[in-house]
Amino acid sequence: MSTPPLASGPQGPDALRPLLDTVLDALDTGRRARGGPLPAGGPDAVAARVRAAAGDLLPPHGDPDALRTLVHTLTEGAADPAHPLCAAHLHCPPLAVATAADLAVSALNPSLDSWDQAPAASELETLVTRTLAAEIYGHTPADALVTTGGTESNQLALLLARETHGAPLRLVHGANAHHSLPRAAWLLGLPAPVVVPTPTGTLDPAALDDALTTLPGPRTAVVVAATAGTTDTGRIDPLPDIAALCRTHGARLHIDAAYGGGLLFSDRHRPALTGLDAAHTVTLDLHKLGWQPVAAGLLAVRDTTDLTALHQRADYLNADDDTEAGLPDLLGRSLRTTRRPDILKIAVTLKTLGRDGLGTLVDQVCHRAQELADLIRAHPHLELHSPPTISTVLFRPTGATDTTVAEIRRRLLTDGRAVLGRTRIDDRLWLKTTLLNPHTRPDDLAALLTLVEGNTPR
């Protein structure tokens, strides 16, 4: 039996070319077999098709058609975020140029835990993270760390706050905050967070002031977490007012802008993030309003001295004499050790599209959300929750029960015809669309509403 070829090295490109043709063909045939935004039949039908295609996954002898078979199967059974009727989650269709860059990373397989495993990648990461941190803070030497997404970024933000200000640390956040924040507090052994009610969907400065003034228990260091783009409605907390309160009360400020941070690229929508630069740390996800393949998260840090808390020494990765000799120390750049350079696809995207190109994409999806809201508002049988802040729109059939709303969504999912999300606001269940596909057109939006109306019992 011959030794299988490698993806890199002298023969790597020649070995990859026919395999890429196989993958691209399987992506196409799988998409055609699916025929819509989601595979039809529901979980049992999808599982049966996957089991049949997979067969024995560790056979006595290899299957030369495995790549084609399994890529086809994965594609046929995928939720396709590039389909205009796949609009449930903060799950973007990745740009082709970013995906191509990601292929290079997989082929070269650098690991960003020591310079001798990723010489060029480590320098590129330094350049890009400082560029994005300066985009948030408007100055250097602000910095950013690459993460797997908002959950890791939020956890890392609380860790840096605890290590910088000392334990015990008390987290204060709105009821609209992402679930990863209270979970991070639990993972770090912090006291139970103080949750400020958000009946209007955003953090009310008066309620926050009251919570900070009347914190229970002994006085401790406090970190306030605000949100710029909630996962249910896309709303943005009043960041300047919250920042002012944090200064008054001596609290640290973290802003979870995993969703809304992409507005920075748009001249039209950037003002919605006024006050972002007041945060000590900011979560940003470019696999949302950045159109990157997962994962592409960052945590921006205003004061780079906060990062000293992550410093670790492992002689085989960052020996003192190597560091003194000028080899960059990468171990304190992440909670992870082995780490792929997700920064390449981000760098390629930023340089290929530029600020105006990315800003245009942001403007397009925000405009589509406004168009969808207008269609719902004009529809005699649909109810709009509220005007969109970013690209999320909530609606429901007028007069429908929560049970009916849930059944409509599941019916469309099972038929593979549309992918809508759900969220509970004002003690009612709403259908949720999150428009992240810049290729979506008004006719697609009208078709989506027609599907919902056609599946609503009268």
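As the structure is a prediction and not an experimental result, all values here were calculated from the model.
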- request: Answer yes or no: is there a donor N or O on one side and an acceptor on the other, between the side chain of R270 and the main chain of L264, under 3.5 Å?
  value: yes

- prompt: Under 3.5 Å, is there a donor-acceptor pair linking the side chains of S391 and Y259?
  reply: yes

message: If you define the side chain from C-beta out and look only at heavy atoms, does anything of K351 sit under 4.5 Å from I346?
response: no

message: Tell me whether R68 contacts the main-chain N or O of H72 through its side chain, where contact means a donor paired with an acceptor under 3.5 Å.
response: no

- prompt: Taking the side chain from H379 and the backbone from H381, do they hold a donor-acceptor pair closer than 3.5 Å?
  reply: yes

query: Thinking salt bridges, do E76 and R32 make one under a 4.0 Å N-O criterion?
result: no

message: Is it true that H254 and N154 share a donor-acceptor pair across their side chains at a distance under 3.5 Å?
response: yes

- prompt: Going by atom types only, do R336 and T148 share a side-chain donor-acceptor pair under 3.5 Å?
  reply: no

query: Closest heavy-atom contact between V405 and A400?
result: CG2-CB, 4.2 Å

- request: May I ask you to test the L253-V223 pair for a side-chain heavy-atom distance under 4.5 Å?
  value: no

message: Is there a side chain to side chain donor-acceptor pair (under 3.5 Å) between S180 and Q155? Walk through the geometry before answering.
response: CA-CA 7 Å; S180 61; Q155 181 180 350; over 6 Å; no

query: Does a sphere of radius 6.0 Å around CD in Q312 hold more than 12 heavy atoms from other residues, nucleotides or ligands, not counting ones at 6.0 Å or beyond?
result: no

query: Between T281 (side chain) and V301 (backbone), is there a donor-acceptor pair under 3.5 Å?
result: no

- request: With rounding to the nearest 0.5 Å, note down the distance linking CD in Q364 to CD in E371.
  value: 10.5 Å

- prompt: From L435 CG over to I390 CD1, what is the distance, rounded to the nearest 0.5 angstrom?
  reply: 12.0 Å

message: I136 and side chain to side chain contact (heavy atoms under 4.5 Å, CB included): which single residue from L298, V282, I255 fits?
response: V282

task: Examine the side chains of T404 and T401 and answer whether a donor and an acceptor come within less than 3.5 Å of each other.
output: yes

query: Judged by atom type as modelled, is there a donor-acceptor pair below 3.5 Å linking the side chain of T230 to the main-chain atoms of G234?
result: yes

field: side-chain contact (heavy atoms from CB on, under 4.5 Å) evaluation trace for L132 with L286
entry: CA-CA 11 Å; L132 290 172; L286 294 180; 4.1 Å; yes

task: State whether the side chain of T304 and the backbone N or O of D143 hold a donor-acceptor pair below 3.5 Å, judged by distance alone.
output: no

query: Could you state the interatomic distance from OG (S122) to CG (L127), rounded to the nearest 0.5 Å?
result: 9.5 Å

task: Measure the shortest side-chain to side-chain distance between R411 and N455 over non-hydrogen atoms and say whether it is less than 4.5 angstrom.
output: yes

query: Taking it one step at a time, do T231 and T434 satisfy side-chain contact (heavy atoms from CB on, under 4.5 Å)?
result: CA-CA 9 Å; T231 52; T434 307; over 6 Å; no

NZ/NE/NH1/NH2 to OD/OE distance under 4.0 Å, K345 and D342: yes

message: Closer than 3.5 angstrom, by distance alone: can the side chain of W430 be matched with the main-chain N or O of I425 as a donor-acceptor pair?
response: yes

query: So, for W115 and L327, which heavy atoms are closest and what is the spacing to 0.1 Å?
result: CE3-CD2, 3.8 Å

message: Quick check for you: to the nearest 0.5 Å, what is the distance between T147 atom OG1 and L284 atom CG?
response: 9.0 Å

- prompt: Sub-3.5 Å donor-acceptor pair from the side chain of R162 to the main-chain atoms of L188, do we have one?
  reply: yes

- request: I would like to know whether K432 and D232 meet salt bridge (Lys or Arg N to Asp or Glu O under 4.0 Å); could you show each step before the answer?
  value: CA-CA 8 Å; K432 180 175 76 168; D232 53 4; over 6 Å; no

task: Please tell me if the side chains of V146 and E125 come closer than 4.5 Å, counting only heavy atoms from C-beta onward.
output: yes

task: Check whether more than 12 heavy atoms from other residues, nucleotides or ligands sit under 6.0 Å from atom CZ of R417, and answer yes or no.
output: no

message: Treating D237 as the side-chain partner and L239 as the backbone partner, does any N or O pair qualify as donor plus acceptor under 3.5 Å?
response: no

Under 3.5 Å donor-acceptor, N318 side chain and A314 backbone: yes

message: Taking D415 first and then R410, would you say they form a salt bridge - that is, a charged N and a carboxylate O separated by under 4.0 Å?
response: no

message: Under the criterion salt bridge (Lys or Arg N to Asp or Glu O under 4.0 Å), I'd like the reasoning laid out for D44 against R49: C-alpha separation, chi angles, the key distance, then a yes or no.
response: CA-CA 9 Å; D44 291 342; R49 289 195 290 268; over 6 Å; no

Salt-bridge contact R424-D402 (side-chain N to carboxylate O under 4.0 Å): yes

task: For residues L160 and L310, determine if any side-chain heavy atom of one lies less than 4.5 Å from a side-chain heavy atom of the other.
output: yes

field: Residue pair R302 / H280, side-chain heavy-atom distance below 4.5 Å
entry: yes

field: Ion pair check, D285 and K288, cut-off under 4.0 Å
entry: yes

message: Pair S114, Q117 - check side chain to side chain donor-acceptor pair (under 3.5 Å), show working.
response: CA-CA 6 Å; S114 65; Q117 298 176 79; 2.7 Å; yes

- prompt: How long is the gap from OG1 on T337 to CG on L317, to the nearest 0.5 Å?
  reply: 7.0 Å

query: Would a 4.5 Å heavy-atom cut-off, applied to side chains only, mark R333 and T126 as touching?
result: no

message: Would you say that D113 contacts L330 through its side chain, given a criterion of any heavy-atom pair below 4.5 Å between the two side chains?
response: no

Exercise: identify the closest heavy-atom pair between A446 and L375: N-CD1, 4.1 Å

message: Looking at R428 and E383, is there a salt bridge between them, counting it only when a charged N and a carboxylate O are closer than 4.0 Å?
response: yes

message: Using side-chain contact (heavy atoms from CB on, under 4.5 Å), reason through R340 and S106 one step at a time and then give a plain yes or no.
response: CA-CA 8 Å; R340 77 192 303 268; S106 293; 3.1 Å; yes

message: So for atom CZ, which belongs to R268, do other residues, nucleotides or ligands contribute more than 12 heavy atoms lying within a distance under 6.0 Å?
response: no

- prompt: Have S266 and D363 got a donor and an acceptor in their side chains that come within less than 3.5 Å?
  reply: yes

task: Please assess V452 against F395 for the test side-chain contact (heavy atoms from CB on, under 4.5 Å), listing each intermediate value before the final yes or no.
output: CA-CA 10 Å; V452 170; F395 70 102; 4.0 Å; yes

query: Could R441 and D444 be called an ion pair, given the rule that one side-chain N must be under 4.0 Å from one carboxylate O?
result: no

message: I need the I376 CD1 to R396 CZ distance, nearest 0.5 Å.
response: 12.5 Å

